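To start, the structure itself, in structure tokens.
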Number of protein chains: 2
Amino acid sequence: MVNKLRQHIIDRLGSAPDNIDEVLSTFQMLKLKRNEVILTQGDICKYVYFVASGCLQVFVYDKEMNETTRDIITENNWCSELISFGSQQPATENIRTVEPSDLLAIDRQGFQRLMETVPQFDKVYKQILEASYANSVYRINTFVSLTALERIKWLMEYRPKLMSRLSSKLIASYLGISQETFSRLKGKL
Amino acid sequence: MVNKLRQHIIDRLGSAPDNIDEVLSTFQMLKLKRNEVILTQGDICKYVYFVASGCLQVFVYDKEMNETTRDIITENNWCSELISFGSQQPATENIRTVEPSDLLAIDRQGFQRLMETVPQFDKVYKQILEASYANSVYRINTFVSLTALERIKWLMEYRPKLMSRLSSKLIASYLGISQETFSRLKGKL
DNA sequence: CTGAAACGTTGACATTTGTCAACACGAAAC
DNA sequence: GTTTCGTGTTGACAAATGTCAACGTTTCAG
């Protein structure tokens with residue numbers, strides 16, 4: 001599990017920092033089952049997670065308690081509620097596993113410490129933030145103007161694996177359409 | 001014009017950095033009319049802008065060349081296409097003035113120089129990035145599941161000044177609904 | 001293995017929203 | 001001042017999508 005993170009860091013920085021083992025030991029390992037909630041709306045987000053294996057769903061509830069999924073994170077990616085993590089304000093989103101997942105978690109103190117002792121770690125954080133931002137912008141621009149069918153085609157083109165890996169219900173909530181519409185439109189392809 | 005930026009930086013950092021005049025002189029002043037394009041999709045984004053006065057629209061074209069507005073930036077805020085600015089990849093968005101505007105622009109070299117000579121400037125950049133990210137996340141979570149009427153109510157609650165300041169056409173494109181729907185629903189409030 | 005619960009599909013129907021067209025109005029250009 | 005163009009409103013209609021209900025299938029706990 002730790003090796004996946006090691007490899008990820010090496011890929012990001014181009015080479016391994018001298019004290020990579022110190023970096024890795026700052027993370028704690030979590031083995032989670034399906035459907036475990038790791039962050040609840042209103043709580044303070046205490047960790048940034050690296051997904052070594054499995055899959056996470058980042059979502060909110062609307063006023064009728066329907067879920068809307070803002071993001072789906074698969075292995076070798078980072079997941080957190082960065083705004084809450086950074087500001088220590090209550091989180092506006094929920095996070096849960098949608099598959100059994102292995103996570104590596106780092107808390108604020110650990111994060112702070114790495115920022116100071118490992119100069120390049122600051123760069124990793126910036127990269128995570130920039131990637132998250134780029135992802136959000138892309139999602140807004142792609143989705144605000146697309147029809148339901150176009151959103152499905154978009155998903156098949158850019159994240160095809162999700163189509164077979166996840167439940168229809170989850171995908172529909174990620175695309176912002178009803179389960180029934182998703183089911184019907186899939187037939188028309 | 002420069003004083004607005006000076007004040008903004010002081011507000012952000014809590015106090016003025018020693019060499020604030022050096023910081024301010026790194027920016028170039030731009031006085032623009034209405035409807036001037038300062039970034040075109042496909043070009044590399046060369047500047048980060050501080051809006052001293054006026055208003056900018058960040059938007060994309062869909063395949064029928066309709067505009068969708070991702071963001072509207074008013075005075076005392078920062079505007080750029082940060083992904084393109086940071087990576088020097090082609091921009092995916094357009095930016096134009098929607099009012100006569102005074103801007104303070106800083107290019108990559110200036111930015112890089114400030115990052116090195118003014119330690120706190122790094123913090124400002126992080127703040128801009130984090131604010132932009134928070135804004136995007138908020139927009140996704142708010143809009144993906146809202147109806148047209150709910151989006152209008154949202155705008156009236158959270159950015160009420162925009163309602164009177166901007167054209168209906170622009171607001172509709174920001175809310176992701178047609179001009180006609182916007183016109184009709186306004187009546188039902 | 002079995003029963004309950006969740007999921008996926010389909011039909012019928014209501015609702016929302018978009019599109020096209022017409023027209024009044026005001027702002028900008030000449 | 002006149003003309004022209006863009007904007008905002010409204011009507012009629014079409015298209016897209018949601019909701020509710022029914023039913024078969026799968027999943028999972030016991």
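Hydrogens, waters and symmetry mates play no part in the numbers below; they use all other heavy atoms, side chains included. Since the structure is predicted, the reported quantities are computational estimates derived from the model, not experimental observations. Chain letters run A, B, ... following the sequence lines, proteins first, then strands; residues in each count from 1.
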Contact pattern, 5' to 3', of nucleotides 15-30 of chain C - B, S or - by protein heavy atom under 4.0 Å: --SSBBB---------

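Protein atom CG of A:Asn35 is 13 Å distant from nucleotide atom C1' of C:dC7, rounded to whole Å. In this entry the distance linking CD of A:Glu99 with P of D:dT27 reads 14 Å, nearest Å. Taking atom CG on B:Leu170 and atom C1' on D:dG6, their separation rounds to 14 Å, with Å as the unit.
The nearest pair of heavy atoms linking A:Leu162 to A:Ile171 is O-CD1, 3.6 Å. When all heavy atoms are compared, the tightest approach of A:Ile72 to A:Cys55 is CG2-SG, 3.6 Å.
Residues from residues 156-168 of chain A placing a heavy atom under 4.0 Å of any atom in DNA chain C, listed by number, are A:Ser167, A:Ser168.
Between B:Lys186 and D:dT9 there is a side-chain polar atom (N or O) within less than 4.0 angstrom of OP1 or OP2.
Contacts of B:Glu75 classified as salt bridge (charged side-chain N to carboxylate O under 4.0 Å, His left out), with partners at least two apart in sequence or in another chain: B:Arg165. The salt bridge (charged side-chain N to carboxylate O under 4.0 Å, His left out) test applied to A:Arg159 returns A:Asp71, not counting sequence neighbours.
Residue pairs meeting the ring-ring contact (aromatic ring centres under 6.0 Å, His included) criterion with at least one partner in residues 50-86 of chain A, sequence neighbours excluded, are A:His8-A:Phe50, A:His8-A:Trp78, A:Phe50-A:Trp78, A:Phe59-A:Tyr61, A:Phe85-A:Phe111.
Two different hydrophobic clusters hold A:Leu129 and A:Val58 under the rule that ILVMFWY side chains link at heavy-atom gaps under 4.5 Å.
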Under 3.5 Å, side-chain donor or acceptor atoms of residues 10-20 of chain B against the rest of the protein: list the pairs with distances, not counting sequence neighbours.
| unit_1 | atom_1 | unit_2 | atom_2 | d |
| --- | --- | --- | --- | --- |
| B:Asp11 | OD1 | B:Gln7 | NE2 | 3.1 |
| B:Arg12 | NH1 | B:Gln127 | OE1 | 3.2 |

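Note: A:Trp154 and A:Phe143 have perpendicular aromatic rings, judged against thresholds of 30 and 60 degrees for the angle between ring planes.
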